[in-house]
Amino acid sequence: MLDKNGIAQRIAKEVKDGYYVNLGIGIPTLVANYIPSGMQIVLQSENGLLGMGPFPFEGEEDPDLINAGKQTITTLPGSAIFDSAMSFGMIRAQKIDLTILGAMEVSENGDIANWKIPGKMVKGMGGAMDLVASAKNIIVAMQHVNKAGESKLLPSCSLPLTGVRCIKKVVTELAVLSILPEGGFYLEERAPGVSVDFIKASTLGKLIVPDTVPEMVL
Amino acid sequence: MINKVVADAKAAIKDIKNGDTLMLGGFGLCGIPENCINALVEKDVKDLTCISNNAGVDDFGIGLMLQKRQVKKMVSSYVGENAEFERQLLSGELEVELIPQGTLATRCLAAGYGMPAIFTPAGVGTEVAEGKEVRTFNDKDYLLEYAFDADFAIVKAWKGDTAGNLIFRSTSRNFNPIMAMAGKITIAEVEELVEVGELDPDHIHTPGVYVHRIFQGVNYEKRIEQRTVRAKI
């Protein structure tokens with residue numbers, strides 16, 4: 001079973017040289033730590049920056065330079081700044097190669113819920129609905145089950161949706177799964193030490209298990 | 001060149017009245033029009049509809065206007081980090097319309113480009129789509145969303161000249177230039193106000209035609225919401 005860093009490490013293997021990538025808040029942010037050195041990728045921050053650099057050194061924080069999580073960051077040689085409309089313009093126009101975001105629930109037909117829990121204070125969807133509706137390549141980083149042990153990979157989402165039929169790949173603490181065009185979670189890989197039976201028991205949505213399921217290589 | 005300069009924030013917002021719709025630039029606390037927000041709090045104007053990506057924090061930014069119950073409705077994409085906001089929302093004192101961030105930005109852009117509406121895929125099949133027209137282009141569904149109609153847009157720029165030309169700095173640009181284009185009346189506060197001719201025309205982000213009033217702001221606090229640093233090795 002993987003921890004959060006393990007999920008991020010596995011997702012990093014999906015990132016290819018030359019990609020423009022948007023990383024969501026939470027586990028997706030950790031993916032940046034596992035990009036192999038020498039690989040050229042450009043991180044987009046949807047408040048208006050391409051080429052997000054690391055956090056600044058103490059004393060060098062610039063209040064005018066933040067990421068979408070409102071954290072102080074830096075630029076890199078080759079960075080570009082733009083307004084919020086252009087930022088979502090390049091997302092809608094599919095100029096961003098890969099979007100990695102978190103989810104509360106994903107359904108077997110690729111629906112995602114990650115912004116609202118009825119009865120709890122709603123903070124808003126931010127840019128999540130734009131990203132899931134537009135991105136051509138979305139990977140979801142999430143926990144397979146909730147704290148009560150209940151599956152978050154479902155036949156259909158119970159929470160209010162962020163987007164419909166948009167997710168193609170999910171990486172959890174237990175497995176890598178792709179979502180088939182006709183519906184269903186196809187089990188591609190299992191996490192180290194996790195059995196297929198355990199994944200079956202943890203997945204409420206339709207699960208398609210091939211004859212052999214390789215263990216993840218991190 | 002037409003001179004757009006007013007004395008200060010108080011003069012710039014003097015005709016904003018109860019019930020008006022305002023756009024306020026900024027992302028989180030980055031690039032917010034601090035001087036005008038303080039002047040609005042002092043003026044005690046009420047029942048405002050505020051279009052802004054976020055709603056500030058409890059004791060800074062739009063949070064100051066919320067504390068004085070000046071806001072009737074917020075139109076935002078994300079409103080966390082604000083306990084007073086949450087209290088007013090749950091008690092029904094405050095109305096909130098949450099819209100996807102790209103939709104928010106593009107509805108500003110449409111207003112500034114003279115287009116009545118846009119089509120966006122954001123929110124299709126979700127509660128955001130309720131009651132909205134859906135059109136299919138190239139086998140994909142899009143929602144019709146209308147251009148914003150705001151009485152005033154209030155933005156913060158880094159530099160501006162007396163003719164209202166604006167230059168923004170770093171990610172404090174965010175919603176500021178597109179809101180500047182979208183207001184019936186646009187007010188710009190700047191860190192440095194210069195004479196015409198001092199800014200390179202090639203470097204202008206917002207042409208002065210969109211800006212009606214400009215003034216040199218004072219005492220910028222530029223509060224940081226999430227101070228994150230790395231250790232020196």
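Note that this is a predicted model, so its numbers are computed, not measured. Lettering of chains follows the sequences in order, A, B, ..., and the numbering in each one begins at 1.
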Item to check | Which portion of B:A129 sits near chain A, non-hydrogen atoms under 4.5 angstrom | outcome: neither
Checklist outcome for this item: In terms of heavy-atom pairs under 4.5 Å with chain A, the winner among B:L90, B:V96, B:I99 is B:I99
Checklist entry - What option among B:Y78, B:W158, B:F168, B:F85 has the most heavy-atom pairs under 4.5 Å with chain A? => result B:Y78
Item to check | Proximity breakdown for B:L89 and chain A, heavy-atom pairs closer than 4.5 Å | outcome: side chain
Next on the checklist: Given heavy-atom pairs under 4.5 angstrom as the criterion, report whether the side chain, backbone, both or neither of B:R173 touches chain A.
Outcome noted: side chain
Next on the checklist: Check whether B:T49 reaches the backbone of B:M74 with its side chain - one donor and one acceptor, N or O, closer than 3.5 Å.
Outcome noted: no
Item to check | Segment of A:V122 engaging chain B (4.5 angstrom heavy-atom cut-off) | outcome: both
Item to check | Ring-face cation of A:K70 near B:F27 (centre distance under 6.0 Å, axis angle within 45°) | outcome: yes
Checklist entry - Hey, are A:R92 and B:T106 close enough side-chain-wise for a donor-acceptor pair under 3.5 Å? => result yes
Item to check | chain A contact via B:V128 - side chain, backbone, both or neither, heavy atoms under 4.5 Å | outcome: side chain
Next on the checklist: Report which part of A:F55 has an atom under 4.5 Å of a heavy atom belonging to chain B: side chain, backbone, both, or neither.
Outcome noted: both
Checklist outcome for this item: Greatest number of non-hydrogen atom pairs under 4.5 angstrom with chain B, of A:V164, A:L131, A:I66, falls to A:I66
Next on the checklist: Between B:E97 and B:K73, does any NZ, NE, NH1 or NH2 come within less than 4.0 Å of an OD or OE carboxylate oxygen?
Outcome noted: yes
Next on the checklist: Please classify the contact between A:T75 and chain B as side chain, backbone, both or neither, with a heavy-atom cut-off of under 4.5 Å.
Outcome noted: neither
Checklist outcome for this item: When the 4.5 angstrom heavy-atom criterion is applied to B:N54 and chain A, the contacting part is side chain
Next on the checklist: Testing the 3.5 Å rule here: is there a donor-acceptor pair between the side chains of A:T99 and A:N22?
Outcome noted: no
Item to check | Main-chain N/O of B:N82 paired to B:D58 side chain as donor or acceptor, under 3.5 Å | outcome: no
Next on the checklist: Out of A:G126, A:G124, A:G48, A:G127, return the one with the most heavy atom pairs under 4.5 angstrom to chain B.
Outcome noted: A:G126
Checklist entry - Is it true that the side chains of B:Q226 and B:T228 contain a donor and an acceptor less than 3.5 Å apart? => result no
Item to check | A:H144 versus A:S151, side-chain donor and acceptor atoms under 3.5 Å | outcome: no
Checklist entry - In terms of heavy-atom pairs under 4.5 Å with chain B, which of A:K116, A:K123, A:E61 leads? => result A:K123
Checklist entry - What part of A:E60 is in contact with chain B, defined as an atom under 4.5 angstrom from a non-hydrogen atom: side chain, backbone, both or neither? => result side chain
Item to check | Residues A:K4, A:E173: salt bridge by 4.0 Å N-O rule | outcome: no
Checklist outcome for this item: Okay, A:N67 and chain B: the region with an atom under 4.5 Å from a heavy atom over there is backbone
Checklist entry - Given side chains that start at C-beta, do those of A:V15 and A:L98 come closer than 4.5 Å, heavy atoms only? => result yes
Item to check | B:R135 NZ/CZ over B:Y142 ring centroid, <6.0 Å and within 45° of normal | outcome: no
Checklist entry - With a 4.5 angstrom heavy-atom cut-off, which part of B:E191 approaches chain A: side chain, backbone, both or neither? => result side chain
Next on the checklist: For chain B, which candidate among A:I91, A:D62, A:V132, A:T162 shows the most heavy-atom pairs at distances under 4.5 Å?
Outcome noted: A:D62
Item to check | Pick from B:V229, B:I178, B:L109 with the largest number of heavy-atom pairs that fall under 4.5 Å of chain A | outcome: B:V229
Checklist entry - With a 4.5 angstrom heavy-atom cut-off, which part of A:A68 approaches chain B: side chain, backbone, both or neither? => result both
Checklist outcome for this item: In terms of heavy-atom contacts, B:T206 and B:A180 come closest through CG2-CB, 4.0 Å
Checklist outcome for this item: The interface call for B:T103 against chain A, heavy-atom contacts under 4.5 Å, is both
